[in-house]
Amino acid sequence: MKIKEEKMFCPICETEHVVSIHVEEDVVDIRGEQIHYVAKFCRCDNTDKDNEFMTAGMTDENIDSIKKAKEELDKLKSESNLNEQQSKL
């Protein structure tokens, strides 16, 4: 989903122009576990092929988003296991 546009240097076409900033749900596999997170990236509208890229800041944001999603998933699993153990008592 496009959230805004911003003028910056585009490494795809190697010029400075307005690129579109997008967010979308993505999935990463961590040790066999599927982690769903919100990814942020840029899209160069001057080309059709391989037109997505991330700034260093976006890469950091995406890593933080993955970490947060993993922590939330681990917390839910832990709570689920606790509830299962309590129901067996």
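Side-chain atoms are counted along with the backbone in the values below, which use heavy atoms only and exclude waters and symmetry mates. Quick caveat: nothing in here was measured; it's all calculated off a predicted structure.
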Let me see the working for Asp64 and Lys68 under side chain to side chain contact (heavy atoms under 4.5 Å, CB included), right down to the final yes or no. CA-CA 6 Å; Asp64 289 343; Lys68 183 178 177 184; over 6 Å; no
Worksheet entry | Glu33 with Lys70: basic N within carboxylate O range, under 4.0 Å |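 Yes, Glu33 and Lys70 are salt-bridged.
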message = Regarding Glu6 and Lys4, does a basic nitrogen lie under 4.0 Å from an acidic carboxylate oxygen?
response = yes
Gap separating the [atom1] atom of [X] from the [atom2] atom of [Y], nearest 0.5 angstrom:
X	Y	atom1	atom2	answer
His22	Arg43	NE2	CZ	4.0 Å
Phe53	Cys13	CZ	SG	8.0 Å
Glu79	Lys75	CD	NZ	5.5 Å
Glu72	Ile35	CD	CD1	10.5 Å
Cys10	His17	SG	NE2	3.5 Å
Ile63	Tyr37	CD1	OH	9.5 Å

_Does Asp48, at its CG atom, have more than 12 non-hydrogen atoms belonging to other residues, nucleotides or ligands within less than 6.0 Å?_
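Atom CG in Asp48 is not crowded, with 12 or fewer foreign heavy atoms closer than 6.0 Å.
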Tell me whether Asp29 contacts the main-chain N or O of Gln34 through its side chain, where contact means a donor paired with an acceptor under 3.5 Å.
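Pair absent, no side-chain N/O of Asp29 close to backbone of Gln34.
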To check you understand the geometry: which heavy-atom pair defines the closest contact between [X] and [Y], and what is its length?
X	Y	value
Ala69	His36	CB-O, 3.2 Å
Ile12	Asp50	CD1-O, 3.4 Å
Glu24	Met1	CB-N, 4.4 Å
Met8	Thr55	SD-CG2, 4.1 Å
Met54	Lys40	CG-O, 3.6 Å
Val23	Val38	CB-CG1, 4.0 Å

Quiz item: Yes or no on side chain to side chain contact (heavy atoms under 4.5 Å, CB included) for Lys7 and Val19, after CA distance, side-chain angles and deciding distance?
Solution: CA-CA 6 Å; Lys7 187 173 185 176; Val19 299; over 6 Å; no
Please tell me if the side chains of Met58 and Cys42 come closer than 4.5 Å, counting only heavy atoms from C-beta onward.
yes
Report task. Under the side chain to side chain contact (heavy atoms under 4.5 Å, CB included) rule, what do Ile66 and Ile30 come out as? Steps first, then yes or no, please. Result -> CA-CA 10 Å; Ile66 291 168; Ile30 299 178; 3.8 Å; yes
